[in-house]
2 protein chains.
Amino acid sequence: MSGLAREDYLADIYRLQCERPKDPVSTGSVADRRGVTAASATAMFKRLARDHLIVYRNYGGVTLTPEGEDLALGVVRRHRLVERFLADVLHIPWQQVDAYADQMEHALPDEVVDRMEALLENPYTCPHGYPIPDKHGHLAQPHLVLLRDLPLGETVRVARVNERVPGLLPYIEELGLMPGSLLRLTGRNPIDLNVTIEAGGQEHILGLRVSEALWVEPTEAKG
Amino acid sequence: MSGLAREDYLADIYRLQCERPKDPVSTGSVADRRGVTAASATAMFKRLARDHLIVYRNYGGVTLTPEGEDLALGVVRRHRLVERFLADVLHIPWQQVDAYADQMEHALPDEVVDRMEALLENPYTCPHGYPIPDKHGHLAQPHLVLLRDLPLGETVRVARVNERVPGLLPYIEELGLMPGSLLRLTGRNPIDLNVTIEAGGQEHILGLRVSEALWVEPTEAKG
DNA sequence: CAAGCGTTTTAGACGCGGCTAAAACTCTTT
DNA sequence: AAAGAGTTTTAGCCGCGTCTAAAACGCTTG
């Protein structure tokens, strides 16, 4: 049936597109993410473009077509639902579910995915806080702020942790900052860009690599 | 990592070997089962033999090496555990789980399989009654008899239904002869080899295609 | 504005897993 | 023992997905 690697490429292009929706996704960034050479990515781009799944301009990066985005959303949906499933039903540590889901996401029949979704009672997000597209590719776009950009003083809820930052997940867990936790930004160092937060009665200093991998959402009080 | 198709071949060779353990498995039988041409099977045999997973004699069929059998047993284990999981946890009809498991069996990390096993409380068989190898490749070999070969009069329990016979599973379900059901062989026609059974208060006449796809086990009374 | 550097693409190769058509083999059957 | 039928293997092809090395491009910088 459908190519295996193609889907991975499409999903990665989608995720990279999300990060900077303005401009097209570069060959290099996809190659890096996939762990292949730029030449391999170029070759795949040609196949995907031939099949109208991406728009590819020489030396100009790629963009998903609507068709390609549909496919990508399907993969993302499977990926995030499986993560939820692995974490909630099989009790696999949340630091590992991303890698496992990568392995599993292509082999799951739609019916299996749908049943998992029902069993989990239609979860909104994966264990790291990323939204799960529904069966038709729609997905909630909540209003989130990077911890890096948060104003001082506000108390917020951790909403999303970038699972792709190496080593971040165990660190976040150690600090008790998993999605759902509350924190307050108490300080920001304008020189090194460290931030100080208070969470669970403790103070922590977080570097930029952390503060730009954590998304938070305002709690009810908006000011 | 490991090739995808290789594992399918190994598992199919294993299953065919089980059916007639005496002689080696023929090229054609594997090709048929896999739905590929004999030429493709030959090509794969060469790769598998090169990697010491099978013994291959030209024009003489193949046999699994111990190494190859280990791999095959791993695939079979995953396959049957996933079937159980799909049926028991996701409540997918047992007629479909074989096909779905085929799709999924290669993509499952060991830890996921092990956790499924634990969640299911270490089932002995797949939903069709085939035994599930344990983590080390050991598997129970209960004493079963083909319904075709059963002596008249004995009351037995359905133990295993060959899931690979087209259309059999829905038929078996309709007749209420799923694994665990009791039946008694009441007659056998020596000409056309039909058998007559009594099960759940009903009489049924079964053709050879059915009676050699159903395995039964004696109930406590041995005579 | 030309040089140079980093990125991207081309060119050419390889292994996998499939195909068809033709050749080789085996086994049965006269 | 030779012929014929059926199975298996070889030969040659293709597309995928990867690689390396070399060429082409584009952007920044002197």
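These numbers were taken from a predicted model, which means no experiment stands behind them. Chain identifiers are assigned alphabetically (A, B, ...) following the order of the sequence lines, protein sequences preceding nucleic acid strands; residue numbering begins at 1 within each chain.
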task: Under the side chain to side chain donor-acceptor pair (under 3.5 Å) rule, collect the residues that match up with A/Arg80, sequence neighbours excluded.
output: none

task: Take the protein atom CG of A/Asp23 and the nucleotide atom C1' of D/dC27, then report the distance between them rounded to whole Å.
output: 15 Å

query: B/Arg34 CZ to C/dG17 C1': how many Å, rounded?
result: 11 Å

query: Between B/Tyr59 and B/Phe45, does the ring centroid distance fall short of 6.0 Å?
result: no

- line: Contacts of A/Gln17 meeting side chain to side chain donor-acceptor pair (under 3.5 Å) (sequence neighbours excluded), chain-then-number -> none

statement: Contacts of A/Arg34 meeting salt bridge (charged side-chain N to carboxylate O under 4.0 Å, His left out) (sequence neighbours excluded), chain-then-number -> A/Asp8, A/Asp12

4.5 Å side-chain heavy-atom contact, A/His128 and A/Leu169: yes

- line: 5' to 3', nucleotides 2-16 of chain C under a 4.0 Å protein heavy-atom cut-off (B base, S sugar-phosphate only, - none) gives ------BBB-----S

query: Within the side chain of A/Arg148, is there an N or O that forms a donor-acceptor pair under 3.5 Å with the backbone of A/Ser211?
result: no

query: Can you name the nearest heavy-atom pair linking A/Pro127 to A/Pro179, along with the distance?
result: O-CG, 3.7 Å

statement: Residues at least two apart in sequence or cross-chain that pass side chain to side chain donor-acceptor pair (under 3.5 Å) with B/Gln95, listed by chain then number, are B/Glu173

field: End axis versus end axis in the helix from C/dC1-D/dG30 to C/dT30-D/dA1, the angle rounded to 10°, five pairs used at each terminus
entry: 20°

